[in-house]
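Here it is: the structure, laid out below.
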Amino acid sequence: MTDSTLKLGDKDYPVRKGSVGPEVVDIRKFYGQSGMFTYDPGFTSTASCESGLTYIDGDEGVLLHRGYPIDQLAEQSSFMEVAYLLLNGELPDQGELDKFTNTITRHTMLHEQLATFYRGFRRDAHPMAIMCGVVGALSAFYHDSTDISDPHQRMVASHRLIAKMPTIAAMAYKYSVGQPFLYPDNSLSYTGNFLRMTFGVPAEEYHVDPVIESAMDKIFILHADHEQNASTSTVRLAGSSGANPFACIAAGIACLWGPAHGGANEAALNMLREIGRPERIPEYIARAKNKDDPFRLMGFGHRVYKNFDPRAKVLSQAAADVLDKLGISDPVLDTARELEQIALKDDYFIEKKLYPNVDFYSGVILSAIGFPTTMFTVLFALARTVGWVAQWNEMISDPDQKIGRPRQLYTGPTQRDYVPVGQR
Ligand code: SDX
């Protein structure tokens, strides 16, 4: 919808309103008409696309998936239902949910030859390295769902990715601990099947603990999608060239791995463990505020949220609930709460509007469930695959989409002639 214009130089550019949130000025003709580029490293003021999937109000701490608040989805929905919602735009009725869940369930097995990929990695390989490799290799096994111009193949590839990520993730964990891989069990829920493949062993029955299953499913819901974050933008940019969906998701996994992004959940728990005792918190707060110290409070701050990350609020409560139900007391949770209280009263964090984000508490729960810290970002990638494939599908279907190709402000040497080595 174009309601008004913005004058830049002697030209008027259309201003478009979304259904909610900041308006955008459409500058697609700006370079052609002005000979200038806009400059926005980090895309702090740039809308890269139009999307109807997820909306964040960073000032109010609101996160909506297709209009539904994340706290309501976390408390009342399921990861399979949220996946359907993100992919299709509406909550399913029972028949639609059962059909979708059955489709995903029946795609959880991996091509048997993919198991040999794992044996090429060192035992101590980081599971995210394995995820990047194995997911990128999927296109070598599923050629019948790589024609992105065919909506049916796009949906088959999307279902395969959502279905196979738990199997790939569980196998990465099993390989790292030297235990045999378990095949999927179609009688279990999506999340229950993942827990069994991860923590079950062939030598005995594995009983899915409903407390852990519910906590894990809630964690998946909270990590499903988040507007145009770095890894989602990576998936969209890779997809804009026509790359196959498996390669695009592998690119997203690689980007998510960074400690400034999805790698922060692993870094946050390692930081909380390093702090160890509440008495050491002031030392780390001082380091975080010290311009000359590269240390940052991991799990704190966000590009968009300048208020509480609503996901962190849900995870904070879930951490207490899960530890209580499992009868676990983890001093790291006490340290996290104490750190949060001290930081939120500190002028530095108040002035810069730094609050706990999704990665601050998630590690406490994942650790209580039994995951090593190296698996934390793998679990983030598993859940975010739903958002990545939904955003990828939306991009491919967008008539405005074209290959992403940013420009630059060039500050290097101007043209000069080559000088032979003997004359330098
Ligand atoms: C995720 O984008 C998404 O939606 C991501 C995500 C998703 O679901 O996809 O929400 C998942 O990635 C969450 C964020 C996880 N990362 C971390 O927890 C790492 C620690 N946080 C920071 O590195 C940082 O807050 C970012 C990367 C999250 C955001 O960085 P920005 O928006 O680029 O902000 P900035 O680096 O410019 O910081 C602004 C100021 C700076 O100080 P000044 O230079 O203005 O003096 O705040 C300071 C920063 O030094 N600051 C911090 C800090 N985060 C920002 N200072 C101490 N500790 C921190 N954690």
Side-chain angles (χ1 to χ4, degrees), residues 40-48 51 53-59 61-65 70 74 82 86 128 219-236 252-272 275 281-315 336 339-340 342-344 346-363 376-377 379-388 390-391:
D40 186 14
F43 310 120
T44 52
S45 302
T46 295
S48 60
S51 178
L53 286 168
T54 293
Y55 173 69
I56 301 170
D57 182 331
D59 294 327
V62 169
L63 167 57
L64 307 178
H65 289 319
I70 190 62
V82 170
L86 285 167
M128 283 298 280
I219 287 171
F220 286 160
I221 291 171
L222 293 168
H223 288 80
D225 192 47
H226 212 239
E227 285 192 2
Q228 306 309 318
N229 58 83
S231 54
T232 298
S233 299
T234 301
V235 170
R236 279 180 171 260
I253 293 170
C255 177
L256 185 75
W257 195 359
H261 190 13
N265 53 16
E266 176 178 358
L269 194 74
N270 289 336
M271 173 192 75
L272 290 169
I275 292 173
I281 290 173
E283 170 196 339
Y284 284 82
I285 295 273
R287 285 188 57 195
K289 293 160 63 175
N290 179 355
K291 275 258 167 270
D292 300 324
D293 188 333
F295 172 78
R296 287 191 167 187
L297 278 188
M298 301 315 282
F300 253 78
H302 199 277
R303 171 62 58 77
V304 179
Y305 290 119
K306 301 309 171 189
N307 195 322
F308 262 94
D309 180 335
R311 301 168 298 175
K313 278 187 177 175
V314 175
L315 285 165
L339 174 56
E340 177 183 349
I342 295 173
L344 294 184
D346 185 290
D347 290 343
Y348 174 90
F349 293 87
I350 293 169
E351 179 218 321
K352 295 182 188 297
K353 299 183 179 179
L354 302 175
Y355 291 85
N357 60 50
V358 67
D359 294 310
F360 190 63
Y361 284 106
S362 55
F376 290 1
T377 309
L379 300 172
F380 196 147
L382 187 165
R384 187 53 57 88
T385 294
V386 162
W388 287 333
Q391 297 269 355

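These figures come from a predicted structure and were not determined experimentally. All ligand and atom numbering here is 1-based and tracks the order in the structure.
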- Would you mind listing every salt bridge (charged side-chain N to carboxylate O under 4.0 Å, His left out) that reaches into residues 298-314, with sequence neighbours excluded? D309-R311
Pairs of donor and acceptor atoms involving the side chains of residues 259-272, under 3.5 Å and at least two apart or interchain, shall be tabulated with distances.
unit_1, atom_1, unit_2, atom_2, d
H261, NE2, N229, OD1, 3.4
H261, NE2, S231, N, 3.2
H261, NE2, S231, OG, 2.8
N265, OD1, T377, OG1, 3.0
N265, ND2, F376, O, 3.2
E266, OE1, H126, NE2, 3.1
N270, ND2, E266, O, 3.3

- Return each pair, listed once, that meets salt bridge (charged side-chain N to carboxylate O under 4.0 Å, His left out) where at least one residue sits in residues 351-362; pairs must be two or more places apart or across chains. none
- Note on the structure: Contacts for ligand 1, heavy atom under 4.0 Å, by chain and number, are H226, N229, P259, A260, H261, A264, A288, K291, R296, L297, M298, G299, F300, G301, H302, R303, R311, Y348, K352, L354, N357, D359, F380, R384
- Query: Any chance OH of Y348 has more than 12 other-residue heavy atoms, nucleotides or ligands included, within less than 6.0 Å?
  - Reply: yes
- Message: So which atom in L315 and which in S362 form the shortest heavy-atom distance, rounded to 0.1 Å?
- Response: CD1-CB, 4.1 Å
- Message: side chain to side chain contact (heavy atoms under 4.5 Å, CB included), that's the test. Do Q391 and D225 meet it? Break it down for me.
- Response: CA-CA 9 Å; Q391 297 269 355; D225 192 47; 3.0 Å; yes
